[in-house]
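Encoded as structure tokens, the structure appears first; notes follow it.
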Amino acid sequence: FQAEDGIRDSSVTGVQTCALPILAKFHGLGFTNLTEIQKKALQLIIQKKDSLIIAPTGSGKTECSVIPVFSFLSKTRQTGKIKALYITPLRALNRDVFKRIIRYAESESLKIEIRHGDTSQAARKRIVALPPDVLITTPETLVILLTQEKMLNALSELEWVIIDEIHDLLSNERGSQLSLSLERLQINTKHPITRIGLSATVGNIEDAAKFLVGTKRKFEIIHDDTIRKYDVEIKHVKGTISDVADFIVDYLSKLKLNSPVLLFTNTRGEAEFLASILREKSLVPVELHHGSLSQQVREETEDNLKSGKSRLVVCTSSLELGLDIGSVELVVHYGSPRQVSKFMQRIGRSKHNKHSSAKGLIITNNVDDELETKAILERIHEGSIEEQLIHEGSLDVLAHHLVGLSMQFESMSVSDALEIFRNSFLFRHLTLEDLVGVLELLESNYLIFFDKDKRSEEHTSELQSHLNLVCRLLL
């Protein structure tokens, strides 16, 4: 095959002819050679198959999803309708992804916006008044959007949902929240939604794919199982956290690095304490980054990181995910990362390229942490990644979405509500008794109206049960 503009690429073997224009778009955006994961993903995305793409940092996961999708949207866009959602778990990630993919959207003349907790009131009003073609958002904000009539109308022609960093959502209530939001998005739109998931390596890949698509849809998995090399030192320091800070300052001064260094901790308290000590001892600037800081402080730190100037940034999981933070030669971790996946994600922030060995220093003043970190390194060499425990059947999440459904539809039968929730893999075992129990709790708090008489009249089967939901706004 020969692509547009005379581009020849071995990746077109076996790819449908409609992929050729998309290959040309990759080339036009500067991607002269696709990575293996991009070649495999492209074949599935052009067929609009629900797909989970699992690959390490630097594989081009984002590009292999958004560029083909944007190419399709350029032909199906509708004024005032959001055709694609890009859902990411962190606000900092949103800002960075927005900067990266806006160029791809503009190449197709698409309008793109971002909506999360940091979005200004003016921007929120603009999104409602003039919905973009593509919206970047978070799981929490999506739940809010699903209660707003104008946004539901804007999402009525939705065709694509891309979910980034799925591995970070599997084992918590944010994932449960999102899984039900995906089902509500589907019943709100006129089109079958194509779901694309992007993830780092996880132990239970099948569960991750089922989380993405639910119980009634087929899925494809594209997995780059290349194990990146890790050049990691483990140092045990006898003494207090102040002694640890002395060691870090001495270690970095000997290396004479000309690029930023990330120092991860497991808690915000540790990050705050270490940063305050290091500011007194370090000759290079010391900055702090975590989710409780203001947007302005976080963005200033991110910009400083991207500038490549020598500095030490003490951080928590806020810089753990796929943020483009420029050239980082070394990642330091205080204490054991606790998990193989978390170790790979955090130390993998150094030399942000899958072909380079990640360089890290694990420093601890606790012998147990030292031994645990050595065990984690051994598991990485063996390719043994722990499974992410799926957070199933969260009833407080269910309650949240029942109120949301009442605002979305005003009334709904029990059978319809139960079917919607059971379409989610995380709620596939939801029983009628549990659903009714949550409804009764919500009614007792005057959040909804539950028509029990109608239900009792037709109780011969689960499908004949009925629910009348009327949201009562409590001011």
Side-chain heavy-atom pair L146, V143 within 4.5 angstrom cut-off: no
Modelled atom types, side-chain donor and acceptor of E287 and T301, under 3.5 Å: yes
Residue pair H191 / E157, side-chain donor-acceptor N/O under 3.5 Å: yes
Salt bridge (Lys or Arg N to Asp or Glu O under 4.0 Å) involving E106 - partner list, sequence neighbours excluded: none
Exam field: side chain N188 to backbone R184, donor-acceptor pair closer than 3.5 Å: no
Within-4.5 Å side-chain heavy-atom neighbours: N204 and I390: yes
Check: N423 main-chain N/O paired with R428 side-chain donor or acceptor under 3.5 Å: no
Row check, F72 ring normal vs K48 NZ/CZ: under 6.0 Å, within 45°: yes
Check ion pair D369-R338 (N to O, under 4.0 angstrom): yes
From K75 atom NZ to F70 atom CZ, the distance as rounded to the nearest 0.5 Å: 13.5 Å
Under 3.5 Å: donor-acceptor pair, side chain of D224, backbone of I37: no
Counterpart residues, salt bridge (Lys or Arg N to Asp or Glu O under 4.0 Å), relative to E140 (two or more places apart): R174
Salt-bridge contact D133-R77 (side-chain N to carboxylate O under 4.0 Å): yes
Side chain to side chain contact (heavy atoms under 4.5 Å, CB included) partners of R217, counting only residues at least two apart: D50, Q186, R195, V213
By salt bridge (Lys or Arg N to Asp or Glu O under 4.0 Å) - contacts of R126 (at least two apart): E113
Any donor-acceptor pair under 3.5 Å from H333 side chain to G335 backbone: yes
Carboxylate-amine/guanidinium proximity below 4.0 Å for E108 and R103: no
Cationic N near anionic O, under 4.0 Å, K374 to E378: no
Heavy-atom check, side chain of Y86 versus side chain of I163, under 4.5 Å: no
T267 vs E270 side-chain heavy atoms within contact, under 4.5 Å: yes
Partner residues of Y334 under the ring-ring contact (aromatic ring centres under 6.0 Å, His included) criterion, sequence neighbours left out: none
Atom of A209, atom of L52 and distance for their closest heavy-atom approach: N-CD2, 3.6 Å
Residues forming a side chain to side chain contact (heavy atoms under 4.5 Å, CB included) with S120, sequence neighbours excluded: A122, A123
